[in-house]
Amino acid sequence: MPQTATRRRLISLYRHLFQFFGPQHWWPARSPFEVIVGTILTQNTAWTNVEKAIAALRDARLLHPAAIDTIPQEQLARHIRPAGYYNMKAVRLKHFTHFLLTRYGGSVRRMFRGKQLELREELLGISGIGEETADSILLYAGNQPIFVVDAYTRRVLERHELIAAKMSYGEIQRLFMTHLPTDPALFNEYHALLVAVGKTYCRSTPNCKDCPLQYDLPNGSPLLPRP
DNA sequence: TTCCTGTGTA
DNA sequence: TACACCGGAA
């Protein structure tokens with residue numbers, strides 16, 4: 001692990017976020033399978049809406065692979081309606097569930113038994129699971145040490161000039177993973193904290209006033225209300 | 001780049 | 001009324 005200025009800044013950001021927000025307790029769910037359902041439902045969707053959809057699935061006793069595999073797509077879509085993109089997401093849930101049943105006999109535990117990189121490739125092969133969702137599944141359902149990059153991560157790091165706008169998902173992920181210790185609990189908390197600061201402060205229109213990361217801004221001054 | 005879509009908030 | 005929301009496919 002290189003002892004660079006980048007590393008010190010990444011750790012400094014983490015410390016300030018944790019001091020300010022405290023532990024985020026991600027991922028809120030009752031089972032690893034429910035985590036995976038959540039990762040698909042929350043694609044480009046506010047978590048409050050996902051909670052409603054998951055509650056609906058629980059009430060309908062659909063929070064296990066066999067049930068989602070069996071129920072007609074249109075009915076599944078109706079249950080997850082509050083999460084938005086419900087037709088697409090019903091198909092995606094069925095794609096993952098079918099994969100889990102045929103490849104691992106419906107067992108999430110068995111799915112996580114193999115090598116991380118091989119499972120990641122398998123997940124990316126499922127239509128509806130991209131890099132962020134695959135890594136969220138590995139980290140938050142499987143407790144595997146892989147860093148999740150999302151829109152908030154990009155925005156915060158870009159505004160703090162730790163990454164360039166054009167950097168790919170993998171490049172940003174490597175930035176974290178080469179400079180931080182390989183620790184799933186750290187990766188878990190760090191990503192959750194980036195989401196927390198992104199929601200309240202590092203919004204589309206920046207709200208640097210009272211942001212816990214103000215000290216680290218380029219030129220040491222708040223960003224103008226224009227991104 | 002555009003489409004997919006309901007919901008909460010400014 | 002507008003806008004963003006713990007993205008991915010084509």
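Values below: every heavy atom of this structure, side chains too, minus hydrogens, waters and symmetry copies.
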Could you go through residues 83-95 of chain A and list every donor-acceptor pair under 3.5 Å that involves a side-chain atom there, pairing it with any protein atom two or more places apart or in another chain?
unit_1, atom_1, unit_2, atom_2, d
A:Y85, OH, A:N44, ND2, 3.1
A:K89, NZ, A:L41, O, 2.5
A:K89, NZ, A:Q43, O, 3.3
A:K89, NZ, A:T45, OG1, 2.7
A:K89, NZ, A:A83, O, 3.1
A:R92, NH1, A:Q43, OE1, 2.6
A:K94, NZ, A:I68, O, 3.0
A:K94, NZ, A:D69, O, 2.8
A:K94, NZ, A:I71, O, 2.7
A:H95, ND1, A:S127, O, 3.1

Partners meeting salt bridge (Lys or Arg N to Asp or Glu O under 4.0 Å) with A:E122 (sequence neighbours left out): A:R103
Contacts of A:H16 that satisfy ring pair (Phe, Tyr, Trp, His ring centres under 6.0 Å) - sequence neighbours left out: A:Y215
A:F147 and A:F176 aromatic ring geometry - parallel, tilted or perpendicular at 30°/60° bounds: parallel
Rounded distance in Å between the P positions of B:dC3 and C:dC6: 23 Å
Those residues that, when tested against A:Y190, pass side-chain hydrogen bond (donor to acceptor under 3.5 Å, both in side chains) (two or more places apart): none
Ring pair (Phe, Tyr, Trp, His ring centres under 6.0 Å) contacts in which one or both residues fall within residues 39-62 of chain A, not counting sequence neighbours: A:W27-A:W47
A:E189: partners by salt bridge (Lys or Arg N to Asp or Glu O under 4.0 Å), with sequence neighbours left out: none
Euclidean distance for P, B:dT7 against C:dA9 (whole angstrom): 25 Å
Opening and closing nucleotides of DNA chain B in contact with chain A, under 4.0 Å to non-hydrogen atoms: B:dC4 to B:dG8
Residues forming a salt bridge (Lys or Arg N to Asp or Glu O under 4.0 Å) with A:R110, sequence neighbours excluded: none
Sugar-phosphate only, base, or nothing, as touched by A:K52 at under 4.0 Å among non-hydrogen atoms: sugar-phosphate
B:dT5 and C:dA4, which share atom name C1', separated by this distance in whole Å: 13 Å
Contact letters for nucleotides 3-10 of chain C, in which S counts primed atoms plus P, OP1 and OP2 and B counts the base, heavy atoms under 4.0 Å: -SBBBSS-
